[in-house]
Each structure stands twice: as structure tokens, then as C-alpha cells.
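Structure first, commentary second.
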Amino acid sequence: MQEKYAPADIEQAAQQHWNETAAFRAVEDASKPKYYCLSMFPYPSGKLHMGHVRNYTIGDVLTRYHRMRGFNVLQPMGWDAFGLPAENAAMANAVPPAKWTYDNIAYMKKQLQSLGFAIDWERELATCKPDYYKWNQWLFLRMLEKGLAYQKTGVVNWDPVDRTVLANEQVIDGRGWRTGAVVEKREIPMYYLAITKYAEALLASLDTLPGWPERVKTMQANWIGKSYGVRFAFPYELDGKQEKLWVFTTRADTIMGVTFCAVAAEHPLAARAARDNPALAAFVEECKRGSVMEADMATMEKKGMPTGIFVRHPLTDERIEVWVGNYVLMGYGEGAVMAVPAHDERDFHFAKKYALPIRQVIDIPGKPFSLDAWQEWYADKENGRCVNSGKYDGLGLAAAVDAIAADLKAKGLGDKQVTWRLRDWGISRQRYWGCPIPLIHCERCGTVPVPDSQLPVVLPEDCVPDGSGNPLARRSDFLDCACPKCGAKARRETDTMDTFVDSSWYYSRYASAGNDKAMVDERVKYWLPVDQYIGGIEHAILHLLYSRFWTKVMRDLGLVAFDEPFSRLLTQGMVLNEIFFRKPASGRISYFNPADVELKFDDKGNRTGAVLKSDGQPVESGGIGTMSKSKNNGVDPQALIEQYGADTARFFMMFASPPEQTLEWSDSGVEGSYRFLKRLWSFAAAVREAVMAAPAVPAKPDSALAAVRRDIHLNLKQANYDFGKFQFNTVASAAMKMLNALERAPKEAAECPALLREGLSILLRLLSPITPHICHHLWCELGYGGDILQAPWPEPIEEALAQDEIELVLQVNGKLRGAIKVPATAAKEQVEKLALASEAARKYMEGNPAKKVVVVPGRLVNIVV
RNA sequence: GCCGGGAUGGCGGAAUCGGUAGACGCAGUGGACUCAAAAUCCACCGCUGGCAACAGUGUGGGGGUUCGACUCCCCCUCCCGGCACCA
């Protein structure tokens, strides 16, 4: 056996062994429990980043752990290969997005393989390939047939210079990222999927997912946003006609406090009022400019303008003026709201700004109402009672809403209604590098679906976008086609699908790999649903919600039998690193990669500063942030693997923090992980001969050995518990503690080699999911026999854990004052007696009698005096 | 702004049901080995006071419940993720 740990050699050898034995090929086998472990597939951006390494290491640890626990495991991998960055790269380098994407896939696949992941590569897929996206198109057509896909207009960011639609991230401070032109909102026809038809189902079945983090379920429930309220109308007369202004509110109990109404700029009433009011028309235009993003809408200054149109209060007949408000969303509810400034914070500020009346109609006894400043309790739903509300005075929220809804209903002006925050899913993208939407536009027949027999509609792979519009619109070989209905000359739809479509069902395709006759086949019945899904917390809402929706549609089409695609979900935190920069007095901030920065410490280890290695001059720290190109704080996994090996990279990733939390990069932490693996290797080399000659289990170890053995089994017990919680950082700690214990075992004791043999076999198996290469080698070298992949998972032995005497903490008045030793079987009374008799107790009780003695079995004794 | 999450030594983090705060690792300090350095090994290591024994204090800040609070309750601050065309 080699003396020195040489990761490059042993990792290559182990990977070759796994390849040759097809160790990770997954085959359906009804006799074994299955475990489908899936990590979110990567976007092939060029090379792996640390977030990928973290994600896939977590998945691999779970995969290998379950294998050893006897499960038939599937861990596939593929590529989320359509998307915007390929078009950006095409513009920058004049390379077709297809070539760029396929090159990236080839490189990143090599990187993944060098990390030793237990992936079944035979099931690999890429969403940009026609044999995959054909089924996007096929299912879209099924949705069209069922009325789940439809066309309506939607608002997009329009760059007037490039004459193109921009993604939200391409809009910077209201301007196009390339042209700098002020972006306009523009309404264009788009295709939508009716996810709102599944709102109730998507909300209800969250309760069937105990394996999902509560926070993700809460976020999804809030996103779907079911709210119970009242939809009602303010009647008015305009242009000689009787009309109704409909609004929705969850606070109908405050209806007597309405002092004005507000409508969105896109509301018909706003357009009507603007017709003969140039100032208002200008304001409406102003509202229509600007961002389409909700975050911007919510943080911008709230502005409004009166329309001069009055409506009547449905219960009091009072005249109420209608305003146009830039904060009212046309897409939510009715595009109009009632305003109750006394009990809605936004309305309150709006009313103060424009000197509109504020009328208190909710009261909490003892709390004075004042118009000076908004107070939280004005919107209190629990304790408020109606006042100044006539017959409703004294009612609480629920009773008032009931009574008011009934009265509105009796007048034919409204009723209770449930509304949802969730909006239908707009899937049209005016972009080239995506899945073509399978529709044909015919002058005579209108929009005609592409017949199934003509699928897939293949995307040409040689286009090079230039940033001005969709290149498909200039490709006659793509555009021109015959109408499937009448045979006349027709034109293909050039919009492509949102890439969230691609990722909404790929997990099912892995289980149907290679089938060109059907979207999914019977193998899905064996593998699905996914037992463990792992991915970034940033996908907590959109990707997961769309996948859940898509699954329910497939279920209703009879394609799959499950309701929910992911039984258990682990949302991993982001990978962070420190940001270093200089900001010259004039000019732009420049960022420096942490690898090029040297940290300065005082002799107590406190940070005193940081300098750039190249010039020795100080740089400023911008704190810790997500690894990103813009902040130049990324660490290239390739360099890490080349310097230390895959096992060190994997170990550090698991050790540095628990999977759900953010992970802070640390070069010295990597060093420490490497040091541990080196120590493990040299220890194994040093004791190898003794261990190989020893029996598998120590006979009767003496007390020093028994303590070491207890330590090993105690750490194993803890580690197994932690595995169940996905807390791999403490599993790694437990492995380190085991090695510490084994190194300190008294080597002269007769049973020591047997203890080491047992201990190392536990340690190697425990560690093998995290650092599979080194464990594979040492398992062979130490002669345990067979492949460690087939070895059973270790379990602690009760006998090794047993103790005669235990130590309890002694507290006096809750303060730690010492410890006492008691027999492991001692009863409460006996422990109490021993505690009171102890020297520490007598000293700190200072002669006072004990008022109370609290005994926590196996833990502590607290004497209260 | 709204929704969700987080904050523990110089740093990453541990503490399973409310029961020894700081496991394990990093950094640092002292020592061994070495001509020297690296590597490795041993010891110390929350903060304040003290030569020490020890005492006080300490889990973002403020209050509360409890024999006992990192953990439960109320209020506040800061940081991170998402907000529907980044993936």
C-alpha cells in the first residue's frame, strides 16, 4: 500500500472500477424497495459552479447511503438546455446557441464524472433535443384540446430601439440592457396554461407532502393565495347608461368607511375618463410606462388622479369619486378597488397625500383613533368592532361580512366570493432558443394546431441571434408551411415556450429514457414519484409549482398515476464567498477574486485588513454574498478538484454547513478537509498489517479499549440519527471524532487490532457516501472483502454502548456547580440523596435547606435553595 | 412593499423533547521534530478581572414565562431567498 495519499490516482482507479462494473446502472427490480434520488438538472452555462457541486454532492450522498441500506437506487442526470444565456453567448461570440450549448454539456459532463457521482448516465437527456421537446409540444396540444391552453394578451417589456421583448433581468433601472432605451410596456397576444383551474388542487395537496419543508409549503400556499371576500359593485350612470364598477375586498366589514374608489390605468373606466381629460390621459400613459415587475409596483411612489366620474355607494347611495391609481393591478381581482383610508395602510397614505376624507368605522375600546399617523391596529382583523356603520355597529369581522354580503346580495349588487392570487402561466417567449409552440397561422382557418403526426416541430440549430427580435421570424424554411386543415400556404408560430415547461416533467422522462413512441411508459410506474428531490431554495415557488401543476395535468390525461411528483424535498442553501473591491474616487468599482487577496491578522487571529496579492495595496471587504460573476467572488471547482481531489471537495461541501443553510467558502476549510483525508490514509497504512490479521470484533476489551469502542459506537449512533435529518456536517464531524478516537486507542493492548478492525470498517462505511473514492480503496487495501458499495450499512452495538456508572451535572439555583457520579440504574430518590451529599452541593447551598430538587434522568440535578 | 428564512467565539458551525453553550474543523499562541523551512505531532484557546485558585459575564437588541431559555411568547434591528420573461 502506498504511504502517501494520492487522490488523483485512487480517484481515477475507483471511477474506472465503477464504469467497468456498470455499478450505477439502474434496472427496474420489483423485488427491492426503490429510491429515486433526483437533483435539479443544471443549465449548461459553461462549467460547473460551486452551487452545482454542493447540490450534486448532497444527492450523491443520499444515493450512496440508500444503496447501502438496500434500496434499488436511481440517480439520473440531464441538461436544462434551452434558455437566454445561450442567446447572449451567441451575440457575444457569433456562435449558434446550439453549438455553444452542446460544447458546454460535453465539458460539464466530464466535470461531473470527475466528481465520482453515482449517476446512471444511460438515461441522460437534454431538453433542447427534438426527442425530448417533441413531448412538450405533444402535451401542449392535449392541453389545447382540453381548454387548458389558450390565447390572450399579456404585458411585456418592449425595447423600442432593438424592437424586441426583454426579460425582466434585461431591464436595468427601466432601460434596455444593450440599448439603454427607456423600456415600454406593450400588450401582445400570448399563450397561457390554465394553472388557476388547478389552484384548489395545488393548495389542497400540499397537505399530502409531509416530506417537504414547511417553509416551502407556506410560500406556495401564500403564492396561490386563496382569499375569501366579497365581490360587489358600485352602480353609476354614464353616457345615459346604467353601469356597475365591480371590486373585490377581503374587508367588507369596512365598507361603510369607503371614501373613494381607485381603478388601474388599463381599466375601461380610466380610458373613458381620459377621453376628454388630457391631463388624465397623460397620467394614464405615465402609468403604462415603467416596470412590469411586482416588486417595482409595490415599492414605487403611489400616485393617483381623480377621473371626475362618480359612482354610488351600494349601501348608502353616497356619491363616491373614482380615481386612477398607479398601484392598482389590472391583472388581479377586478382591476378596481374600494378605498377605506381609515383601515388600509396604503389607502391611508394615499388619502393623506391627496387630502381625501378618512372615516373611522372600526374601533378597539381603549385605543384612540387619530388621523396623524397610521397605527397597526387600524387593520386589526381579530379585535375590531364596527362603529359609525349604522345597523352593523358592534359586529366583528366575520359577522359584519356576513351581514353586509347578505344585504348586497339582496340588492343584486354582490356576493361572497373566493379569489386567488395565482395567475395563469404565460408560456410564450418571443425568443429563438426554446421549444417551438406547435401552432400554424392560416389566413383562412386561423390558428391551427400542428397534427401529432407532424411532431416534433424542429427548431433549426444554426441560427445566431443578434438581439433584435426573434431570428425565427426571418427563417422562411421554418416559417413557411401548409395549413394542416386547408392545405393553403401558412405561417408557423415563432414564439417558443418558457423553459419552465421543459423542467416541469423531465423527472418522468428519465424513467422512460429512449422511448420514441410515448412521452412516458410503464417504467414510470416503478420509479415515480421521485423519493428525494434536491435543489436550490430559489426554486421554492415557480419551478416546483409548475412541476406540480404539470403532473396533475398528466394524471388527468391518464399518463401517470401519481398526484405529486416529489415525495420529499430538500432545499439547499446558496454558496457564498467574501466580496473584495476598490472604489476609486472617480470611476467604477472593481471587484477582486478572493483567490487574489491576502488577509491580514493580528496575533490573536483577529482580521485587521486585506490586501491585493499583486500590488500589496489594501482592498475593501464588501461582506459575504452569493458567488457570482458580477461580484467576481466565484471559486472554480475544477481548480479545487485538480489540487485536492474530488473527495476533499465533496467532504468540505458536506462539512462546512448543513445542506439547508447557506455555505460560506473557506480555503482553509478545504485544507482542513484535505488534512483529515491524509490522516485517514496514513493511519490506515500504519495499522494495515495488524488490522488484516485481527478478528472482526474485539473479544473482551479492557476498560481503556472499551471506552474507545463506546466512543465509536456512540458516534455511529449519532451519525445515523443525523443522516436521517440530512445533517451531513455532523456526520462528517462524527467521522473525524472516530478517527481521533482510533488514533488514541492504546496500541499495546492485546485486543487493539480487533478494535481497530471493527472501528475502521465502521468509519469507512459511514464515510463512503461522502468520500467514496478513498473509502473504496481503503476497504480493498485493508482486506474487508468485496466492494464497499455492497457492504451493509453499519449499526451500533448496544453492548458496546452500555455503562455502569454515569455522570450527572450538578446545579445549585440553576448554576453549574459540579458533577456527580451515580450508578446507571439509580432511582430518582437515590440521585437526589447523592446530589445533596456531594461536596459541591454543600459548598454552594451555604447551609440553606433545599426548597426543591429537580432531577432530569441521565442529565442533571438542580438544587433550588 | 409583500411572502419565506436566518443571526451562537477571531471564522464555519454543534447543542435530538426547555436541562453542562461553544462538539468537530479553521485561524491563532506556545512547544517537539528539522541546519532551516514545509509537512507532521503535542498542548492551550468565548469575553472581562486575577499570578493562580476562582469570580463575573455570554447565543443580534429589548422585555416576558420557567427551578432552568440558543431553544417557548411579545416587540425591534440587520442580513439572505422569492415576487410570475434569469435559471
Side-chain angles (χ1 to χ4, degrees), chain A residues 40 42-43 45 80 83-85 154 156-157 165-171 213-216 218-219 221-223 225 292-300 327 331 345-346 421-426 428-431 498-500 503 536-543 545-546 571 573-574 576 599 601-607 623-626 652 655-658 660-673 675-676 678-679 682 718 721-722 725 727 729-730 732-737 740 807-811 813-816 819 851-854 856 859-864:
Chain A
M40 290 181 185
Y43 178 78
S45 54
D80 188 11
L84 202 53
V156 295
N157 303 303
V165 175
L166 298 180
N168 282 337
E169 74 158 7
Q170 296 174 316
V171 179
E214 276 314 312
R215 58 172 165 156
V216 175
T218 307
M219 281 191 260
N222 290 342
W223 184 264
V292 301
M293 288 160 73
E294 193 199 287
D296 293 335
M297 295 291 282
T299 48
M300 71 186 176
Y327 61 93
E345 189 169 3
R346 195 176 51 189
R421 209 186 76 96
L422 183 68
R423 307 197 296 259
D424 276 345
W425 176 11
S428 298
R429 297 292 179 268
Q430 296 69 39
R431 263 187 272 287
D498 180 5
T499 56
F500 276 125
S503 55
I537 181 66
E538 67 273 19
H539 295 290
I541 296 177
L542 293 179
H543 162 60
L545 192 68
Y546 293 145
T571 47
M574 316 276 263
L576 315 178
L599 303 179
F601 297 93
D602 65 16
D603 56 11
K604 282 187 168 177
N606 298 313
R607 259 275 282 283
I624 304 289
T626 315
F652 171 71
F655 179 65
S657 64
E660 307 242 41
Q661 284 182 35
T662 55
L663 181 147
E664 281 183 39
W665 187 258
S666 154
D667 287 323
S668 51
V670 174
E671 282 286 348
S673 302
R675 202 173 302 158
F676 166 67
K678 277 196 288 189
R679 248 175 68 207
S682 3
Q718 181 65 47
Y721 176 82
D722 291 344
K725 285 198 301 178
Q727 197 171 290
N729 56 328
T730 49
S733 294
M736 288 175 146
K737 289 181 197 175
N740 290 346
E807 202 175 73
L808 297 184
V809 164
L810 179 72
Q811 295 183 338
N813 284 339
K815 285 199 180 209
L816 176 67
K851 263 193 232 163
K852 184 175 175 183
V853 181
V854 182
V856 183
R859 290 265 182 196
L860 62 66
V861 186
N862 185 15
I863 302 169
V864 186

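Protein chains get the first letters and strands the later ones, always in sequence-line order, with residue 1 at the start of each.
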List the residues meeting ring pair (Phe, Tyr, Trp, His ring centres under 6.0 Å) with Tyr43(A), not counting sequence neighbours, and say none if there are none. none
What interatomic distance, in whole Å, is found between P of U59(B) and the corresponding atom of U8(B)? 11 Å
What integer number of Å spans the P atoms of U48(B) and A84(B)? 49 Å
N/O contacts under 3.5 Å, protein versus nucleotides 52-55 of chain B?
unit_1: A55(B); atom_1: OP1; unit_2: Tyr844(A); atom_2: OH; d: 2.6

Could you give the CH2-to-C1' distance, from Trp665(A) to G25(B), as a whole number of Å? 15 Å
Ala295(A) meets the side-chain contact (heavy atoms from CB on, under 4.5 Å) criterion, sequence neighbours left out, with none
Asp80(A) to Thr499(A) - nearest heavy-atom pair and separation: OD1-O, 4.2 Å
Which heavy atom of His543(A) sits nearest a heavy atom of Ser503(A), and at what distance? CE1-O, 3.1 Å
Write down the distance between NZ (Lys737(A)) and C1' (A14(B)), rounded to a whole number of angstrom. 8 Å
Is the side chain of Asn862(A) donor-acceptor paired with the backbone N or O of Val854(A) at a distance under 3.5 Å, no angle test? no
Looking at every strand, decide which applies to Arg346(A) at a 4.0 Å heavy-atom threshold: base, sugar-phosphate, or nothing. nothing
Whole Å only: how far is the CD atom of Glu214(A) from the P atom of C3(B)? 18 Å
Can you tell if the side chain of Asn157(A) reaches within under 4.5 Å of the side chain of Val165(A), non-hydrogen atoms only? no
The ring pair (Phe, Tyr, Trp, His ring centres under 6.0 Å) partners of Trp223(A) (sequence neighbours excluded) come to none
Pick the closest RNA chain B nucleotide for Gly672(A) and for Arg679(A) by heavy atoms, then say which residue is nearer the 5' end. Gly672(A)
Taken to the nearest 0.5 Å, the spacing of Lys678(A) NZ from Ser673(A) OG works out to 11.5 Å
Residues which pass side-chain contact (heavy atoms from CB on, under 4.5 Å) with Thr571(A), listed by chain and number, not counting sequence neighbours: Pro213(A), Arg215(A), Val216(A), Ile537(A), Leu569(A), Glu660(A)
For G31(B) and G13(B), measure between their C1' atoms and round to the nearest Å. 29 Å
Say we look at C70(B) and G62(B): how far apart would their P atoms be, to the nearest angstrom? 14 Å
N/O-N/O pairs, protein side and nucleotides 66-73 of chain B side, under 3.5 Å:
unit_1: C67(B); atom_1: O2; unit_2: Asn862(A); atom_2: ND2; d: 2.5

Think Lys815(A) has a side-chain N or O under 4.0 angstrom from the OP1 or OP2 of U57(B)? yes
Under 4.0 Å: is that the gap between some side-chain N or O of Asn740(A) and OP1 or OP2 of G25(B)? yes
Ring pair (Phe, Tyr, Trp, His ring centres under 6.0 Å) against Phe500(A), all qualifying residues, sequence neighbours excluded: Tyr546(A)
Give a yes-or-no answer on whether the side chains of Asp722(A) and Thr730(A) include a donor-acceptor pair shorter than 3.5 Å. yes
Sorted by chain and residue number, the side chain to side chain donor-acceptor pair (under 3.5 Å) partners of Glu664(A) (sequence neighbours excluded) come out as none
Can you sort out the partners of Glu538(A) under side-chain contact (heavy atoms from CB on, under 4.5 Å), two or more places apart, ordered by chain and number? Met574(A)
Is there a donor-acceptor contact under 3.5 Å from the side chain of Gln661(A) to the main chain of Pro658(A)? no
Could you work out the separation of C74(B) and U20(B) based on their C1' atoms and round it to a whole Å? 29 Å
Distance check needed: C24(B) C1' versus Gln727(A) CD, whole Å only. 12 Å
With a 4.0 Å cutoff (strictly under), does any side-chain N or O of Asn729(A) reach OP1 or OP2 of C24(B)? no
For G4(B), does the glycosidic angle fall within 90° of 0 (syn) or outside that (anti)? anti
Could you classify C17(B) for me, syn or anti, using a glycosidic angle within 90° of 0 as syn? syn
Please report the distance, rounded to the nearest Å, between CD in Gln661(A) and C1' in A14(B). 11 Å
Could you measure between the two P atoms, the one in G6(B) and the one in G18(B), and give it in whole Å? 15 Å
Check: Ala656(A) main-chain N/O paired with Asn729(A) side-chain donor or acceptor under 3.5 Å: no
Would you measure the distance from the P atom in A21(B) across to the matching atom in G4(B) and give it in whole Å? 34 Å
When rounded to the nearest Å, what value does the distance between P atoms of A23(B) and A14(B) take? 13 Å
What is the distance, rounded to the nearest whole Å, between atom CD of Glu660(A) and atom P of G12(B)? 19 Å
Could you work out, with side-chain contact (heavy atoms from CB on, under 4.5 Å) as the rule, every residue matching Glu294(A), not counting sequence neighbours? Arg421(A)
Output field dot_bracket for RNA chain B (Watson-Crick or G-U, both distances under 3.5 Å, | for other-strand pairs) contains (((((((..(((......[....))).(((((.......))))).((((....))))..(((((..]....))))))))))))....
Arg675(A) CZ - G25(B) C1' separation (whole Å): 9 Å
I need the CD-P distance between Glu671(A) and C24(B), as an integer number of Å. 21 Å
If the sugar-phosphate is the primed atoms plus P, OP1 and OP2 and the base is the rest, what is the B/S/- string for nucleotides 79-87 of chain B, using protein heavy atoms under 4.0 Å? --BSBBBSB
